[in-house]
**Q** 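Submitted below is the structure of interest, expressed as structure tokens.
Residue numbering restarts at 1 for every chain, and letters A, B, ... go by the order of the sequence lines. As a basis for the values below, the full set of heavy atoms in this structure was taken, side chains included, without hydrogen atoms, waters or symmetry mates.
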Number of protein chains: 2
Amino acid sequence: MSETDQVPPKSLKQLAYETLKEKIVSCEILPGTLLTEDSLCDMLKASRTPVRDAISRLEQEHLVSIKPKKGIRVNRVSMNNIQELFAVRVMFAPYIVRNYGNRIRDEVYTRFIQQFKRTDCTKEELFQLDNEFHQTFVDASGNRYIASVYEMIKDQVVRYRILSTAGNRLDTTQTEHHAIATRCLCGDWDAAAEAMRVHIENSKLAIINYVIDTNRNAHNVFIEEEEE
Amino acid sequence: MSETDQVPPKSLKQLAYETLKEKIVSCEILPGTLLTEDSLCDMLKASRTPVRDAISRLEQEHLVSIKPKKGIRVNRVSMNNIQELFAVRVMFAPYIVRNYGNRIRDEVYTRFIQQFKRTDCTKEELFQLDNEFHQTFVDASGNRYIASVYEMIKDQVVRYRILSTAGNRLDTTQTEHHAIATRCLCGDWDAAAEAMRVHIENSKLAIINYVIDTNRNAHNVFIEEEEE
DNA sequence: CATTATAATGATGTATACATCACTTGTCAA
DNA sequence: TTGACAAGTGATGTATACATCATTATAATG
């Protein structure tokens, strides 16, 4: 009885939250979609109570907006939103590298560096490696508020990455990550933080350029002004 | 019909959220208290649905923890929590001064400076002035994610201020705010950001010193380790 | 007297019924 | 044909009934 059912049976509200969030950031549900609670109950195989709980959390993360008596709007992406999101990332990422990078063991950095040199990774593997790298610094902080902030912006960034399919930017990402990790290994935290800032700024520019290139063809997804 | 009933009739869930949060950060409900949904329904004069919604939001802000099948724990304050909270403030406050201070009109700064010179303010007035000053920079950013971060940490700080009653620190706060505003008025944003950083660090030290002085007498409120 | 098993209690998790409000559509009149 | 009013539809807001699980107390047995 010790290890048979050690799996914590996730509550429906947690499951609904994760499932719905996944569908939104993966753009299976497109930005701008107007949902109803009933359709979500059907989609998530749960009743309104856990679904409403999930919606409430996603609204706090600015992924959806609850329009009273109308429905649940999956927030559109916009140039404005990109600016806001990356303003937080620029504040955030260099700070945690600068302040908590020294809590990470050298072996972790060397392992990352080896991974960043690989050229035979699939796109999915690179995505995951990217997430792990950034998450490492968040975990090193051991700070629940920092973790919350990262949780709020992380998945939005994932959504933009999926929308922009930036295949050719992945190599650059590897190079920039490599630069950050090597400076951490040297203990040059100012340089590491600066490298992280540059990395975030470049990432922002890549996404903005993509939006500029494609917003003619996808006005229903990329929109400048929020409605209502 | 234009300005008669412009008051948006607040939903019960919004009302429940604000009321409960107010009771927690004002320490009318002491840290460490274990609540039940039923008692909250009674207290907030609402049914479980809006109450659960409020609890869910407060859990995301780390003000309460939902203990399945046990109750709702009002999170205790701890030295660890203070460190985490102020780590975010130190990252946050100087950044927005540095980046968005120039969006605030000179008149706003001069008005604040006049207020900071006053010596006839009540404690409540000083509290409010303090909040307004910091909120001004958040609003200047026009960034919803920054606003969310500030919303998450702001009220926690209020709670510590109420617990520590730091009467003698209020004068120092006025002086430090004055220093920040004058540097903003000069357009010396690096100096303004540095003044803000010093201000936050001092604020943190004042609270930590208070906790060290009093944690013997209030072990039920100040506790180092989280339970369970 | 101690220990274990069982039943009762009380908490949240979940589902659903009812209330309220906004919007749309259809009909009637000018 | 157009406009206004009313009824119907469908959405969330709210309340409550039921399910599940953990804890505790009590009783029975060694």
**Q** Does the pair B:Asp130/B:Arg161 count as a salt bridge with the N-to-O cut at 4.0 Å?
**A**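 Yes.
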
**Q** May I ask you to check whether B:Tyr100 and B:Phe137 place their ring centers less than 6.0 Å from one another?
**A**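 So the answer is no for these two rings.
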
**Q** Whole-Å distance between D:dG13 C1' and B:Lys10 NZ?
**A**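 These atoms are roughly 17 Å apart.
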
**Q** Would you mind reading off the distance between B:Asp42 atom CG and D:dA15 atom C1', rounded to a whole angstrom?
**A**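 Atom-to-atom, B:Asp42 to D:dA15, this comes out as 15 Å.
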
**Q** Which pairs, with at least one residue in residues 19-32 of chain A and sequence neighbours excluded, count as a salt bridge (Lys or Arg N to Asp or Glu O under 4.0 Å)?
**A**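 Non-adjacent pairs meeting salt bridge (Lys or Arg N to Asp or Glu O under 4.0 Å): A:Lys21-A:Glu61, A:Lys21-A:Glu151, A:Lys21-A:Asp155, A:Lys23-A:Glu28.
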
**Q** Quick one: list whatever passes side chain to side chain contact (heavy atoms under 4.5 Å, CB included) with B:Asn202, sequence neighbours left out.
**A**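 Here the qualifying residues are B:Arg169, B:Glu176, B:Val198.
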
**Q** Specify the separation, in whole Å, of atom CG of B:Asp38 and atom C1' of C:dT12.
**A**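 Whole-Å distance recorded here is 10 Å.
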
**Q** Could you list by number each residue of residues 49-63 of chain A showing a heavy-atom separation from DNA chain C of less than 4.0 Å, or answer none if no residue does?
**A**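 Contacting residues: A:Thr49, A:Pro50.
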
**Q** With a 3.5 Å distance limit and no angle check, can you tell me whether B:Thr33 reaches the backbone of B:Leu35 through a side-chain donor-acceptor pair?
**A**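 Not confirmed, B:Thr33 side chain does not pair with B:Leu35 backbone.
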
**Q** Please collect all salt bridge (Lys or Arg N to Asp or Glu O under 4.0 Å) contacts where either partner lies in residues 50-59 of chain B, sequence neighbours excluded, each pair once.
**A**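 Sorted result for residues 50-59 of chain B: B:Glu37-B:Arg52.
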
**Q** Taking atom P of D:dT14 as reference, at what distance in whole Å does atom NZ of B:Lys45 sit?
**A**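 After rounding, the gap between these two atoms is 17 Å.
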
**Q** To the nearest Å, how far apart are A:Leu12 CG and D:dT20 P?
**A**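 About 12 Å, once rounded to whole Å.
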
**Q** What is the separation between atom CG on B:Leu35 and atom C1' on C:dG10, rounded to the nearest whole Å?
**A**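 So the CG-C1' distance, B:Leu35 to C:dG10, works out to 16 Å.
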
**Q** What is the separation between atom CD on B:Glu37 and atom C1' on D:dT14, rounded to the nearest whole Å?
**A**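 So the CD-C1' distance, B:Glu37 to D:dT14, works out to 15 Å.
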
**Q** Please report the interatomic distance CZ(A:Phe92) to CG(A:Leu85), rounded to the nearest 0.5 Å.
**A**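 One finds 12.0 Å between CZ of A:Phe92 and CG of A:Leu85.
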
**Q** Provide the closest heavy-atom pair for B:Gly71 versus B:Leu34 in the form atom of the first, atom of the second, distance.
**A**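 Taking B:Gly71 first and B:Leu34 second, the nearest heavy atoms are C-CD1, 4.0 Å.
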
**Q** As a test of reading the structure: which of C:dT12, C:dC18, D:dA15 is closest to the side chain of B:Thr36, going by heavy atoms?
**A**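 Out of C:dT12, C:dC18, D:dA15, the nucleotide with an atom closest to B:Thr36's side chain is C:dT12.
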
**Q** B:Lys69 has an atom NZ; how far is it from atom P of D:dC18, in whole Å?
**A**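 From B:Lys69 NZ to D:dC18 P: 17 Å.
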
**Q** Any side-chain N or O of A:Lys13 under 4.0 Å from OP1/OP2 of C:dG13?
**A**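 So the side chain of A:Lys13 is within the cut-off, an N or O lying under 4.0 Å from OP1 or OP2 of C:dG13.
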
**Q** Under a 3.5 Å cut-off on both pairing distances, which runs of 3 or more consecutive Watson-Crick or G-U pairs involve DNA chain C?
**A**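 Counting only runs of 3 or more consecutive pairs, the stems involving DNA chain C are C:1-30 with D:1-30.
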
**Q** Could you give all pairs that pass the salt bridge (Lys or Arg N to Asp or Glu O under 4.0 Å) test and reach residues 89-105 of chain B, with sequence neighbours left out?
**A**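 Matches after skipping sequence neighbours: B:Arg98-B:Asp190, B:Arg105-B:Glu107.
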
